[in-house]
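A short worksheet on the structure shown next.
Counting from 1, the numbers follow the sequence of the chain as shown. Just so you know, these numbers use all the heavy atoms, side chains as well, and skip hydrogens, waters and symmetry mates.
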Amino acid sequence: MTTILVTGGTGTLGRPVVERLSADGHDVRVLSRRSQPYAVDLREGTGLDAAMAGADVIVHCASTQRGGDEQAAGHLIEAARRAGVRHLVYISIVGVDRVPLGYYKTKLAVERRIEESGLGWTVLRTTQFHDLVLQILQGAAKFPVMPLPSGVSDQPIEVGEVAARLAELAAAPPAGRVEDMGGPEVRTLPDLARTYLRASGKRRPLMPLRLAGKTYREFRAGGHLAPEQAVGKGTFEEFLAARAGTPRG
């Protein structure tokens, strides 16, 4: 039985990763800031040695746009070296090497730290999760007119499919940078917005916004898309239907 530590194990991606690994018979340790017995703040690094003792593999899902990911990765790598962990699996984003968004630059920097760590490593890049696209559209729908960056498309993917792929990679030998994983369809933002509005029963006129800057140009150019790796199955419509049918506690 393999002992696998999952950082961010209570998050949107981490939770289904933990469930999948546990169902596959692995000994899974859930590491997050509040989960006992492995409550660790990766930015501080305290408590990591105890959490890491005896672990064979790390699946690194913890991430935040509030900053500190590079520091957290450094603490994780150092503790993994001390513990003799043989494999570090990292989830990243398609386009981190093309789109000059601050968060993407940080994800790319973490990738490089892992590649240079001396540990066995695997990096998987995926397109945006359905959950994030929904969050963006919900935010835009708070206005009487729904503002959307013009000329931008997305390729959302089901988080459960990404979790299954990460579990598969965690159980295999280190593979380096593996093939990107994209959602089943490249869709324009207006198309996704209309899908969301129909599903939510809302009515909003759409307002295209032409923005400035290199980041916007790269999004318009599709630097965050992976049309040749459209391996995902679950569509945005299916995600919204499943979410609508899920009781809220």
Could you see if V162 belongs to whatever hydrophobic cluster contains V110? Use Ile, Leu, Val, Met, Phe, Trp, Tyr and a side-chain cutoff under 4.5 Å. no

Would V28 end up clustered with L13 when hydrophobic side chains under 4.5 Å apart are linked, directly or stepwise? yes

Pairing donors with acceptors under 3.5 angstrom, does anything connect the side chains of H87 and T122? yes

Can you see which heavy atom on P184 is nearest to which on G232, and at what distance? CB-O, 3.1 Å

Strictly by modelled atom types, are T2 and D56 linked by a side-chain donor-acceptor pair under 3.5 Å? no

Heavy atoms only: give me the nearest V89-A170 pair and the separation to one decimal. CG2-CA, 4.0 Å

Is the side chain of E78 donor-acceptor paired with the backbone N or O of H75 at a distance under 3.5 Å, no angle test? no

Between CZ of R165 and CZ of R20, what distance do you get to the nearest 0.5 Å? 11.5 Å

Residues pairing under salt bridge (charged side-chain N to carboxylate O under 4.0 Å, His left out) where one sits in residues 95-120, two or more places apart or in two chains, turn out to be D97-R125, E111-R125

When you group the ILVMFWY residues by side-chain heavy-atom contacts below 4.5 Å and let the links chain together, are L31 and V85 in the same group? yes

Check whether more than 12 heavy atoms from other residues, nucleotides or ligands sit under 6.0 Å from atom CD of E228, and answer yes or no. no

Same apolar cluster: L76 and Y38, side chain cutoff 4.5 Å: no

Side chain to side chain donor-acceptor pair (under 3.5 Å) for D69 and S63? Distances and angles first, verdict last. CA-CA 6 Å; D69 275 14; S63 185; 2.6 Å; yes

Looking at L197, L189, V145, which hits side-chain contact (heavy atoms from CB on, under 4.5 Å) with L206? L197

Could you please spell out the steps behind the side chain to side chain contact (heavy atoms under 4.5 Å, CB included) verdict for H60 and L88? CA-CA 7 Å; H60 187 25; L88 174 54; 4.1 Å; yes

So which heavy atom on A51 is nearest to which on V40, and how close? CB-CG2, 4.5 Å

Following the transitive rule for hydrophobic clusters with a side-chain heavy-atom cut-off under 4.5 Å over Ile, Leu, Val, Met, Phe, Trp and Tyr, establish whether M181 and V17 coincide in one cluster. yes

Between atom CD1 of I58 and atom CD1 of I4, what is the distance when rounded to the nearest 0.5 Å? 11.0 Å

Taking only Lys NZ, Arg NE, NH1 and NH2, and the carboxylate oxygens of Asp or Glu, determine whether R33 and E44 approach each other closer than 4.0 Å. no

Backbone N/O of T10 and side chain of S32: donor-acceptor pair under 3.5 Å: no

Using a distance-only test with no angle check, is there a side-chain donor-acceptor pair under 3.5 angstrom linking T64 and R43? no

Could you tell me whether the side chain of R82 and the main chain of A53 form a donor-acceptor pair under 3.5 Å? no

List the atom of A171, the atom of H26, and the distance in Å for their closest heavy-atom pair. CB-NE2, 4.0 Å

Using the side chain to side chain contact (heavy atoms under 4.5 Å, CB included) rule, take F236 and L137 through it: C-alpha gap first, then chi angles, then the decisive distance, then the call. CA-CA 12 Å; F236 191 54; L137 295 176; 4.0 Å; yes

Result for side-chain hydrogen bond (donor to acceptor under 3.5 Å, both in side chains) between Y196 and one of Q138, E237, K202, R204 points to K202

L240 and A199: which non-hydrogen atoms are nearest, and at how many Å? CD1-CB, 3.8 Å

Please check: side-chain N/O of Q155 versus main-chain N/O of G183, any donor-acceptor pairing under 3.5 Å? yes

Say you draw a straight line from CD1 of I136 to CG of D154; how long is it, rounded to the nearest 0.5 Å? 7.0 Å

For the CG atom of L124 and the CD1 atom of I93, what is their distance to the nearest 0.5 Å? 11.5 Å

Distance col, row L134:CG vs F239:CZ, nearest 0.5 angstrom, shows 5.0 Å

Find the distance between CZ (F219) and CG (L225) and round it off to the nearest 0.5 Å. 9.5 Å

Residues P147 and F143: closest non-hydrogen pair is CD-CD1, 4.0 Å

Sort and list the pairs that fulfil ring-ring contact (aromatic ring centres under 6.0 Å, His included) and have at least one residue in residues 104-127, not counting sequence neighbours. none

Test side chain to side chain donor-acceptor pair (under 3.5 Å) on Y90 and T7; report intermediate values, then the result. CA-CA 10 Å; Y90 182 57; T7 72; over 6 Å; no

